Amino acid sequence: MSSENEIANLLHESRRFPPSAEFSKQAVAQPELYEKAKSDRLAFWAAQANNLHWHKPFTKTLDWSEAPFAKWFEDGELNVSYNCLDRHVESGAGDRVALFFEGEPGDTKAFTYKELLQEVKKAANVLANLGIQSGDRVAIYMPLIPEAIIAMHAVVRLGAVHSVVFGGFSADSLAARIQDAGAKLVITADGGFRKGKASALKPAVDSALSDEKCPSVEHVLVVKRCGNEIDWDDNRDLWWHEQLDSASSEHQSQGFNAEHPLFILYTSGTTGKPKGILHTTGGYLTQAAYTHKNVFDLHETKDVYWCTADIGWITGHSYVAYGPMANGATQVIYEGTPDTPDWGRWWSIIEKYKVSIFYTAPTAIRSFMKLGREMINKFDLSSLRLLGSVGEPINPEAWMWYREVIGSGTTPIVDTWWQTETGAIMISPLPGVTAAKPGSAMLPLPGVSMEVVDDEGNAVGNGHGGLLTITEPWPSMLRGIWGDPERFKETYWSRFPGRYFAGDGAKLDEDGDLWLLGRVDDVMNVSGHRLSTTEIESALVSHPYVAEAAVVGAKDETTGQAVVAFVILRASQVSQTGDEEKVSKELRDHVAKEIGPIAKPRTIFVVAELPKTRSGKIMRRLLRDVAEDRPVGDVTTLADTTVMDTISSRVASGASD
Ligand code: WT7
């Protein structure tokens, strides 16, 4: 969490951006939404759900009798793929572009809703022929190409459950996720283009499945994207294009129960083992569609929407694969990195497709801020009319820069707070209705009930800070952790009985607007991606050099937080390891191999001891002080109060990478 000083500075932010009359006049969101939701929350959500197509209408909105296991719209039946595709084709929007795909090498492809539906139907038939049935799990490990979205939709069309694993995760991380979910099928690609090169994916799948590590997997379906050399197992591997070419494009979708599992998405928690966050069908789609329409002010026949998130994260699920498509939006997806061939790539895409709604993360915004506006000014960004931010707190400077430089000083900005677990946006201004303040996510959306509380669970009231809790169930809430109901209760519902504890600190300003302050637990947020300190510590100690490790998230100008590790080396290994730079490199590479390059520590400090309490708990707070280069705080609860002096002096003498 930020220090008290910084919080105080934030709250002195006095700039206000009320909606312009012009924007409000055409806005999707209406001021009455707040009133309506307040007077009858369940009727409000039922009305949102009824914007979807139900194969069988629901009569019950919420059953909370087995809290914290919620059932929303439980006697209704629907099909997510039908809602995102068939419905638009049947209503006459089949020729509207659903996807503009921009490959990193510059290849492009557009799919209308009709075309996308055809592909999804073929893919659904392929999966059905491979024996995929309702409830089966399918792992998806792909670059951001149209086939990834087609694969997701084909899976859910059959009532099967996807587990998308980010392409940047290692073979070991992939294997762990396949095993935990018991996936029957893996859909992947030979590779994807990143930073001007083919970056292979199939070898990681081969390695994950080697030595019978994942016996549940029967087939691997491989999209040919880059044409790079890959190994092939005739008994297991199938080319996507060959299968689709011979598949029928007839496929009638069937309704599934609203509480039927839709997908699992793994995210880091406070322990070493990632949690499989489970979302179900009706409530998830209801809130993804409602928030996408109202928060992004979507006018589906006019707007071109672009969210830069990868499908490996929840943002790529709710605001690329499902929300926009449920609303019949036209959207852009881009395969590669923002710096290829140069840092103008994103802005050239906005100019080219006349993107009007743009959704990205503060870490990207800060990277562009550092580069200056010269590159950006070469492009015509006048099509933009709304900007969104997600993933971490956006500091007022970055917010202002985003509005001034990208949004020509006029576009509303929606700072959207939510989590993998919440499934959809929970806190955000409503453009055209709610005023915005740079750095504040403002208010819970209509239909969402939250409270900032103190350690005892009492509401803190305006002008005070505390812990963010959600006081009422919401439609797109997680339904559990795959295979571990106890961990679900323990993690989210035990700290404050009857409430969901988000793990974030927050402050209410004098007007009652919310300022998010970051995680209060052992979870780090690096470039908007969640990493667990424990998970990286386990990766470090799995290396023969390391006896003990402690990892903290330290403030970083670009990435929000950066991974900083403190390690104690094994005495038996030290003599052979040579200089610390080499050790540091070796350990960083090891973490990349174990978890993925995103988890690589920025800095590794070799130390002789770690600060522990008498019960043996590492005091990360003190290590964070060192990592962020400030005086070390209260050490009185340490078992050995001199440890921090030793660490500080060692770090100061340059024992780092
Ligand atoms: C954590 C959730 C939601 C999709 C991306 C991340 C942080 C997210 C904001 C925001 C301040 C934010 C929180 C949250 N976070 N959005 N607008 N302002 N913090 O999803 O990986 O599940 O991480 O991201 O700390 O708990 P996630």
Side-chain angles (χ1 to χ4, degrees), residues 1-2 6-7 10 164 166 168-169 264-270 274-279 287-288 291-292 295 307-323 359-366 387-396 398-399 402 413-429 436-445 448 450 452 467-470 476-478 481 491-492 500-507 513-532 535 553 559-561 598-599:
M1 207 195 303
S2 323
E6 285 164 62
I7 299 169
L10 269 180
V164 182
F166 175 56
F169 279 126
I264 306 167
L265 184 59
Y266 288 83
T267 187
S268 298
T270 53
K275 302 175 281 199
I277 302 299
L278 174 68
H279 284 286
Q287 195 169 335
T291 51
H292 182 261
V295 172
C307 164
T308 62
D310 188 86
I311 45 142
W313 312 110
I314 190 70
T315 311
H317 285 59
S318 306
Y319 299 108
V320 179
Y322 297 117
Y359 192 29
T360 195
T363 180
I365 299 167
R366 287 191 298 264
L387 301 174
S389 171
V390 63
E392 49 177 315
I394 178 165
N395 44 310
W399 195 103
Y402 198 22
I413 293 181
V414 288
D415 174 10
T416 62
W417 180 93
W418 58 295
Q419 307 177 296
T420 305
E421 291 87 343
T422 69
I425 298 171
M426 301 293 277
I427 309 176
S428 168
K437 301 174 185 174
S440 167
M442 303 303 291
L443 296 171
L445 288 179
V448 172
M450 291 188 165
V452 180
L467 304 170
L468 185 67
T469 66
I470 308 177
S476 63
M477 65 198 284
L478 76 166
I481 294 175
T491 309
Y492 305 105
Y500 173 91
F501 172 48
D504 281 44
K507 189 147 183 169
D513 294 321
L514 279 161
W515 299 73
L516 277 309
L517 305 174
R519 306 285 307 189
V520 295
D521 52 16
D522 293 337
V523 172
M524 295 170 291
N525 189 329
V526 178
S527 298
H529 299 144
R530 227 154 110 175
L531 295 168
S532 130
E535 204 179 349
T559 59
Q561 281 189 315
I598 44 165

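Counting starts at 1 for both ligands and their atoms, in listed order. If you're wondering where the values come from, they're calculated on a predicted model, not measured in any experiment.
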Fill in: His317 side, atom NE2; Ile311 side, atom CD1 - distance, nearest 0.5 Å
7.0 Å

Item to complete: Show which atoms of ligand 1 fall inside a sub-4.0 Å distance from at least one heavy-atom site of Asn525.
Response: 7 (C), 24 (O)

Item to complete: Measure Ile394 to ligand 1 on non-hydrogen atoms and call it side chain, backbone, both or neither using the 4.0 Å cut-off.
Response: neither

Practice prompt. Under 4.0 Å from a heavy atom of Thr416: give me the atoms of ligand 1 that qualify, with their elements.
Written response: 9 (C), 10 (C), 16 (N), 17 (N)

Worksheet entry | Within-cut-off N or O pair, Ser389 and ligand 1, under 3.5 Å | no

Discussion item. Nearest 0.5 Å, please: how far is CD in Glu421 from CG in Leu265?
Written reply: 9.5 Å

Worksheet item: What's the spacing between Trp515 CH2 and Lys437 NZ if we round to 0.5 Å?
Response: 6.5 Å

Worksheet item: Side chains of Thr360 and Tyr402: donor-acceptor distance under 3.5 Å anywhere?
Response: no

Worksheet item: Which heavy atom of the protein is the closest neighbour of atom 3 (C) of ligand 1, given with residue, atom name and distance?
Response: Trp418 O, 3.1 Å

Worksheet entry | N or O pair under 3.5 Å between Gly391 and ligand 1 | yes

Worksheet item: To the nearest 0.5 Å, how far apart are CD1 in Ile394 and OG1 in Thr363?
Response: 11.0 Å

Worksheet entry | Closest candidate by heavy atom, reference atom 26 (O) of ligand 1, pool Asp504, Leu514, Thr315 | Asp504

Discussion item. For Gln419, which part has a heavy atom under 4.0 Å from ligand 1: side chain, backbone, both, or neither?
Written reply: both

Worksheet item: Quick one: nearest non-hydrogen protein atom to atom 6 (C) of ligand 1, plus distance?
Response: Gly528 O, 3.9 Å

Worksheet item: Which protein heavy atom lies closest to atom 11 (C) of ligand 1, and at what distance to 0.1 Å?
Response: Pro393 N, 3.1 Å

Practice prompt. May I ask you to list the atoms of ligand 1 that are less than 4.0 angstrom from any heavy atom of Ile314?
Written response: 4 (C)

Response to the item:
To the nearest 0.5 Å, atom CD1 of Ile470 lies from atom CE of Met426 at 3.5 Å

Practice prompt. Could you tell me whether the side chain of Ser268 and the main chain of Pro274 form a donor-acceptor pair under 3.5 Å?
Written response: no

Worksheet, complete the sentence: Closest to atom 27 (P) of ligand 1 (heavy atoms only, candidates Val390, Thr420, Asp521) is Thr420

Worksheet item: Is the shortest heavy-atom distance from the side chain of Met450 to the side chain of Trp417 under 4.5 Å?
Response: yes

Response to the item:
Closest to atom 23 (O) of ligand 1 among protein heavy atoms sits Arg530 CD, 3.2 Å

Discussion item. Can you confirm whether Leu468 sits close enough to Leu514 that some side-chain heavy atom of one is under 4.5 Å from a side-chain heavy atom of the other?
Written reply: yes

